[in-house]
Amino acid sequence: MPYHEFDCSKCIPERKQHAVDKEPSEDLTSALPLGYLNTIPGSISERGCAYCGAKHVIGTPMKDVIHMSHGPIGCTYDTWQTKRYISDNNNFQLHYTYATDMKEKHVIFGAEKLLKQNIIEAFKAFPDIKRMSLYQTCASALIGDDINAIAEEVMEEMPEVDIFVCNSPGFAGPSQSGGHHKINIAWVNDKVGTFEPKITSDYVINYVGEYNIQGDQEVMVDYFKRMGIQVLSTFTGNGSYDDLRGMHLAHLNVLECARSAEYICNELRQRYGIPRMDIDGCGFEALSVSLKKIGLFFGIEDRAQAIIDEETARWKPELDWYRERLRGKKVCLWPGGSKLWHWAHAIHAEMGVEVVSVYTKFGHQGDMEKGIARCEVGALAIDDPNELESLEAMAKLQPDVIFTGKRPGEVGKKVRVPYLNAHAYHNGPYKGFEGWVRFARDIYNAIYSPIHQLSGLDISKDEIPTDKGFVTRKMISDVNLSEEVTASAELREYTGKYDSVSPLREKTYPNFPSSRQLSAV
Amino acid sequence: MEDMMKDQIEQLVNYIMKNCLWQFNSRAWDREKQNEGILTKTTQLLCDEPAEHETPVDRYYWAEAKCLTEGFQSQYLWLAALDKMEIKALMQGLKDRIDYLTITGSLNAELKDPNY
């Protein structure tokens with residue numbers, strides 16, 4: 001895996017150590033991109049800051065909380081217009097965003113009084129909400145406002161409220177990952193163990209690193225409930241503040257996004273002896289193994305197997321319909337975060353696509369180890385790429401589609417590479433068996449959209465053909481398939497509903513009798 | 001013979017790298033414990049020997065090992081032809097290789113960081 005040098009970055013030779021080509025007969029000890037370092041001066045980064053990692057990524061998906069930023073109003077950019085971590089309490093966390101609206105005069109004279117006034121005002125405006133997360137930003141950290149002291153003052157005056165303070169201003173680390181670390185450790189230090197939620201099952205888990213993007217978390221919790229498992233807390237998508245204070249009572253921490261949330265699992269393991277189990281919620285095979293090993297841990301693997309059998313029978317023919325049409329398509333897997341490793345092998349094995357590149361914006365070297373280990377030989381792995389490097393990579397690799405966020409996605413569209421939103425999804429959820437088919441459906445729609453035939457025409461010089469009729473996606477995708485495939489009575493397109501999540505909230509679950517207490521957990 | 005075992009070990013390494021995540025915990029001491037705990041129990045299961053799973057940590061290693069054992073046995077049918085001694089030698093070779101790839105030979109500069 002020799003290092004890969006971008007032409008556009010030749011003037012910044014240090015960048016060469018941030019990209020590698022996965023070559024045959026080599027392994028992770030041959031080369032590994034550098035990662036989680038300060039962005040090199042002269043280069044441009046598309047990363048988020050530490051405050052963004054703490055508040056926007058981890059904190060704000062908590063659903064029954066006022067999330068107050070102590071800083072300029074611009075820091076609160078992300079809200080319901082841009083985020084899709086939905087919740088089952090009418091998306092309270094997405095409807096409103098709160099900032100103390102610091103101005104220059106507050107930088108000069110201090111903003112603690114302003115902060116206290118804002119906290120009280122917010123609680124009065126939403127009298128049903130008694131919990132708050134308070135985030136330090138660069139502006140208020142630089143002038144030294146003591147937000148912990150203000151939070152204490154308010155809690156003394158308003159004993160019914162509880163405030164969590166997150167000191168992770170934007171400069172707290174080289175990327176948003178620094179903010180992940182800060183909020184994880186702050187939560188376990190300050191809040192875990194301060195609340196005793198009711199335990200209703202012999203089998204209790206925290207579901208960690210799951211943000212409920214378009215309902216992902218609710219799909220997975222459905223499986224857990226069908227197994228008779230109590231999900232004590234979800235860190236933090238659709239999560240409740242008080243449930244998260246009771247994380248110490250779980251028997252097992254089930255971890256999805258290790259980059260953003262392994263810290264709290266590691267600390268709960270060290271402090272409370274709760275094992276950490278990393279799982280994959282994406283891909284039929286990986287998800288099946290994940291459910292099975294959770295079942296094995298609790299001695300209820302038969303319940304997991306029943307779900308796997310039922311879901312596979314229901315959805316596999318639909319996955320295979322898309323697999324036949326996606327086989328051999330080239331994909332740049334540029335999700336920024338944990339999808340790097342959750343998807344790299346699963347989409348190749350189960351959808352037949354070729355992953356030609358992986359990247360991460362804020363990942364550490366450990367994330368690259370996972371991503372490179374799981375992708376195929378020949379892939380280009382890039383740490384913290386900028387727009388120019390992304391464009392050069394697309395020109396070289398000629399992908400059929402890129403999976404990425406909305407900003408780099410728009411760059412891809414400019415050079416006629418369709419993109420699929422890997423952060424907030426197009427038509428998720430993508431987790432679970434049905435979700436995996438929805439993902440395949442969205443990939444199919446991205447690659448085979450007839451618009452791409454038109455988008456390649458330059459109306460200033462190209463002749464616009466008028467002799468061709470409208471083509472559908474299927475007319476493009478099926479032209480090279482055998483009749484055996486196209487006429488298959490077994491394979492079929494996605495048949496699920498537009499909204500696959502809301503019905504889960506109305507479901508009832510089997511009441512498994514409490515047959516025993518786990519002796520050792 | 002040696003070449004054949006080397007090839008078999010690489011097949012098992014590839015399975016772990018593609019399908020598992022436990023080998024990549026973020027610190028060297030953690031990876032040592034993970035590799036030891038899970039691969040030891042996998043060896044015991046492959047050899048039909050008892051594998052402790054009473055404490056939470058043992059139960060976790062055992063659950064991972066059960067899934068790994070099933071994966072190995074379904075993917076690599078040649079495993080069924082090996083006797084216990086051969087399996088133990090193979091698994092020791094596998095553990096040495098995984099330790100090298102994830103710990104001793106790893107280029108991950110964060111492995112020795114004292115803080116998570």
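Proteins come first, then strands; the chains are lettered A, B, ... in the order of their sequence lines, and each starts at number 1.
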K.L.:
Would you check if A:Met277 and B:Glu64 make a side-chain contact, meaning some heavy-atom pair closer than 4.5 Å?
P.N.:
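Sidechains of B:Glu64 and A:Met277: in contact.
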K.L.:
Could you tell me whether B:Lys66 atom NZ has more than 12 heavy atoms of other residues or ligands within 6.0 Å of it?
P.N.:
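Open: at most 12 neighbouring heavy atoms sit under 6.0 Å from NZ of B:Lys66.
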K.L.:
Please find the pair of heavy atoms, one from A:Pro275 and one from B:Pro56, that lie closest to each other, and give the distance.
P.N.:
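Closest approach of A:Pro275 to B:Pro56: CG-O, 3.5 Å.
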K.L.:
Could you go through B:Arg97 and A:Asp27, starting from their C-alpha distance and side-chain angles, then the distance that decides it, and tell me whether this counts as side chain to side chain contact (heavy atoms under 4.5 Å, CB included)?
P.N.:
CA-CA 11 Å; B:Arg97 183 75 178 138; A:Asp27 57 48; 3.0 Å; yes
K.L.:
Can you tell me how far apart SG (B:Cys20) and CZ (A:Arg374) are? Round to the nearest 0.5 Å.
P.N.:
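Separation between the atoms: 7.5 Å.
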K.L.:
Does A:Glu369 use its side chain to pair, donor to acceptor, with the backbone of B:Asn108 at less than 3.5 Å?
P.N.:
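No, because the side chain of A:Glu369 does not come within donor-acceptor range (under 3.5 Å) of the backbone of B:Asn108.
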K.L.:
Any salt bridge linking B:Arg27 with A:Glu262? Criterion: basic side-chain nitrogen under 4.0 Å from a carboxylate oxygen.
P.N.:
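A:Glu262 and B:Arg27: not salt-bridged.
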K.L.:
Would you give the length of the straight line joining atom CG of B:Asn115 to atom OH of A:Tyr263, rounded to the nearest 0.5 angstrom?
P.N.:
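Here the rounded value is 11.0 Å.
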K.L.:
Can you say whether A:Gln270 sits under 4.5 Å from chain B via the side chain, the backbone, both, or neither, judging by heavy atoms?
P.N.:
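For A:Gln270, the side chain is the part near chain B, not the backbone.
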K.L.:
Check whether more than 12 heavy atoms from other residues, nucleotides or ligands sit under 6.0 Å from atom CD of B:Glu52, and answer yes or no.
P.N.:
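Atom CD in B:Glu52 is not packed in, count stays at 12 or less.
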K.L.:
Is chain A contacted by the side chain of B:Trp22, its backbone, both, or neither, given a heavy-atom distance below 4.5 Å?
P.N.:
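Neither part.
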K.L.:
Would you give the length of the straight line joining atom CZ of A:Phe297 to atom NE2 of B:His53, rounded to the nearest 0.5 angstrom?
P.N.:
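The CZ atom of A:Phe297 sits 11.0 Å away from the NE2 atom of B:His53.
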K.L.:
Rounded to the nearest 0.5 Å, what separates atom NE2 in A:His345 from atom CG in B:Asn19?
P.N.:
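Atom-to-atom, A:His345:NE2 and B:Asn19:CG are 4.5 Å apart.
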K.L.:
Nearest 0.5 angstrom please: A:Cys375 SG to B:Lys18 NZ, how far?
P.N.:
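NZ of B:Lys18 is found 8.0 Å from SG of A:Cys375.
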K.L.:
So for A:Leu34, is it side chain, backbone, both, or neither that comes closer than 4.5 Å to the heavy atoms of chain B?
P.N.:
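Contact with chain B: none, neither part.
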K.L.:
Just verifying a value: how many Å separate B:Leu111 CG and A:His364 NE2, rounded to the nearest 0.5 Å?
P.N.:
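Reported value, rounded in 0.5 Å steps: 12.5 Å.
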K.L.:
Any side-chain heavy atom of A:Asp278 within less than 4.5 Å of one from B:Gln34?
P.N.:
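With C-beta onward as the side chain, the pair stays apart.
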K.L.:
Any side-chain heavy atom of B:Leu101 sitting closer than 4.5 Å to one from A:Thr29?
P.N.:
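A side-chain contact exists here, since the closest heavy-atom pair is under 4.5 Å.
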K.L.:
Just so I know, are the side chains of A:Arg276 and B:Asn25 near enough to count as touching, which here means a heavy-atom distance under 4.5 Å?
P.N.:
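In contact.
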K.L.:
Answer whether the closest heavy-atom distance between the side chains of B:Ser26 and A:Asn266 falls below 4.5 Å.
P.N.:
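B:Ser26 vs A:Asn266: side chains touch.
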K.L.:
With chain B as the partner, which of A:Arg269, A:Glu267, A:Lys292 has the greatest number of non-hydrogen pairs under 4.5 Å?
P.N.:
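Ranked by heavy-atom pairs under 4.5 Å with chain B, first place is A:Arg269.
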K.L.:
Which answer fits B:Asp30, side chain, backbone, both or neither, if we ask what part of it has an atom under 4.5 Å from a heavy atom of chain A?
P.N.:
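Contact with chain A is through the side chain of B:Asp30 alone.
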K.L.:
Name the region of B:Tyr100, side chain, backbone, both or neither, that has any atom closer than 4.5 Å to a heavy atom of chain A.
P.N.:
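For B:Tyr100, backbone and side chain are both near chain A.
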K.L.:
Considering residues, nucleotides and ligands other than A:Lys22, do more than 12 of their heavy atoms fall under 6.0 Å from its NZ?
P.N.:
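Count over threshold, so yes.
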K.L.:
One thing to verify: whether A:Lys293 and B:Glu70 come together as a salt bridge, which I'm taking to mean a side-chain N less than 4.0 angstrom from a carboxylate O.
P.N.:
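Salt bridge between B:Glu70 and A:Lys293, a charged N being under 4.0 Å from a carboxylate O: no.
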K.L.:
Heavy-atom count around B:Lys95 NZ within 6.0 Å, excluding the residue itself: above 12?
P.N.:
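It does: B:Lys95 NZ has more than 12 such atoms within range.
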K.L.:
Please report the closest heavy-atom contact between B:Leu107 and A:Ser30, naming both atoms and the distance.
P.N.:
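Smallest interatomic distance, heavy atoms only, reads CD1-C, 3.8 Å.
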K.L.:
Do B:Ser106 and A:Leu28 have side-chain heavy atoms sitting under 4.5 Å apart?
P.N.:
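Of all side-chain heavy-atom pairs linking A:Leu28 with B:Ser106, none is under 4.5 Å.
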